[in-house]
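Just so it is clear, the structure is predicted and the values come from calculations on it, not from any experiment. Both backbone and side-chain heavy atoms feed into the values below; hydrogens, waters and symmetry mates do not.
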2 protein chains.
Amino acid sequence: MKKHFGEYIKQLRNEGGFTLTQLGAKLDLDSANLSKIENGKRDFNEKSLGKLASVFKLDINKLKTEFFSDIIAKKLYQNGCSTDALIVAEEKVKYLKKINLKQTEVDL
Amino acid sequence: MKKHFGEYIKQLRNEGGFTLTQLGAKLDLDSANLSKIENGKRDFNEKSLGKLASVFKLDINKLKTEFFSDIIAKKLYQNGCSTDALIVAEEKVKYLKKINLKQTEVDL
DNA sequence: TTTGACTTGTCGCTTTACGACAAATTTATA
DNA sequence: TATAAATTTGTCGTAAAGCGACAAGTCAAA
């Protein structure tokens, strides 16, 4: 288990044998900033997930799961919020998808 | 099931028989902004959860669950992210709590 | 048709996000 | 151990997001 998404990137980078500067270039990121990300002092920019996936030939959906689970865990942890919120969130996602389907029917 | 946290506030407000202006005053919020919140056009400010809890005598932890589940659901839904992230997030929260405990021991 | 409740649009300030560069520190290797 | 590369840390400036405020609009009740 990794403490944060940055550790995951670091692992990928090391496995790929890249320096911070090399990987940074591929991700349009300063090596200094990439370092902070890997060490959990800054968050990876959500908008760059696609680039990361293509550099390492990763499934974007798996990557999103890794990334967002991190964001969510941090949010709950920092706010001292019960993980009950996760159960409720799952229901809500289902509900949002359902009403979106209905709305699409209406739009047609 | 409510579409968003704003609907939840609206329900509380109606049950309490308040106008937007009245509840807004209690929450230090403009009636216009409260209206937007109730209609999902703006998010309720996380920092005001305490006030909301005390106005309606709600358990702050329940309220947090309601609030953060909403944030999380929206994030997953908007990003087309699998709810697998929720399972992973739960593991991560456990892990964060565990390493925090260990760190506390070291600090002592 | 006036009044109160609610909604919508928009402005401006504050906070946060984030890329960039400089400088310090660590690590590797000749 | 000298030095060069790799990594880390500090900080700045701009960009974007968050959010309160006010004005002007709609809508419903009397």
Report yes if a side-chain nitrogen or oxygen of [X] is closer than 4.0 Å to either non-bridging phosphate oxygen (OP1 or OP2) of [N]; otherwise report no.
X     : N      : answer
B:R13 : C:dA5  : no
B:K47 : C:dT15 : no
B:N33 : D:dC19 : no

Nearest to the side chain of [X], which nucleotide is it out of [options]?
X     : options               : value
A:T19 : C:dC18, D:dA6, D:dT8  : D:dA6
B:A32 : C:dA20, D:dC19, C:dT8 : C:dT8
B:L20 : C:dT7, D:dC22, D:dG20 : C:dT7
A:N39 : D:dT8, D:dC19, C:dT7  : D:dT8
A:S35 : C:dT7, D:dT9, D:dT11  : D:dT9

Legend entry - B:D30 side chain vs B:A32 backbone, donor-acceptor pair below 3.5 Å: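 Present.
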Inset, instruction - May I ask you to decide if B:S82's main-chain N or O and A:K64's side chain share a donor-acceptor pair within less than 3.5 Å? - result: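 A pair under 3.5 Å: no.
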Inset, instruction - Starting at atom NZ of A:K41, determine the distance to atom C1' of C:dA17, rounded to an integer number of angstrom. - result: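 Taking NZ of A:K41 and C1' of C:dA17, I get 18 Å after rounding.
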Inset, instruction - Specify the residue among B:R42 and B:E38 whose closest nucleotide of DNA chain C lies further upstream toward the 5′ end. - result: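 Going by which nucleotide is closer to the 5' end, it is B:E38.
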Inset, instruction - Test the A:K75-B:F68 pair against the cation-pi criterion, namely NZ or CZ under 6.0 angstrom from the six-membered ring centroid and within 45° of the ring axis. - result: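 Judged by the rule, A:K75 and B:F68 form no cation-pi pair.
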Inset, instruction - Take the angle between the ring planes of B:F67 and B:F5 and call it parallel below 30°, perpendicular above 60°, tilted in between. - result: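 Perpendicular: the ring planes of B:F67 and B:F5 meet at over 60°.
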Legend entry - Any N/O donor-acceptor pair, A:D43 side-chain to C:dA17 base, under 3.5 Å: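 Side chain to base: no pair present.
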Legend entry - Side-chain-base donor-acceptor pair under 3.5 Å for A:K36 and D:dG10: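 Check passes, donor-acceptor contact within cut-off.
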Inset, instruction - Assign B:T21 to base, sugar-phosphate, or nothing according to its heavy-atom contacts below 4.0 angstrom with the strands shown. - result: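 It contacts nothing in the nucleic acid.
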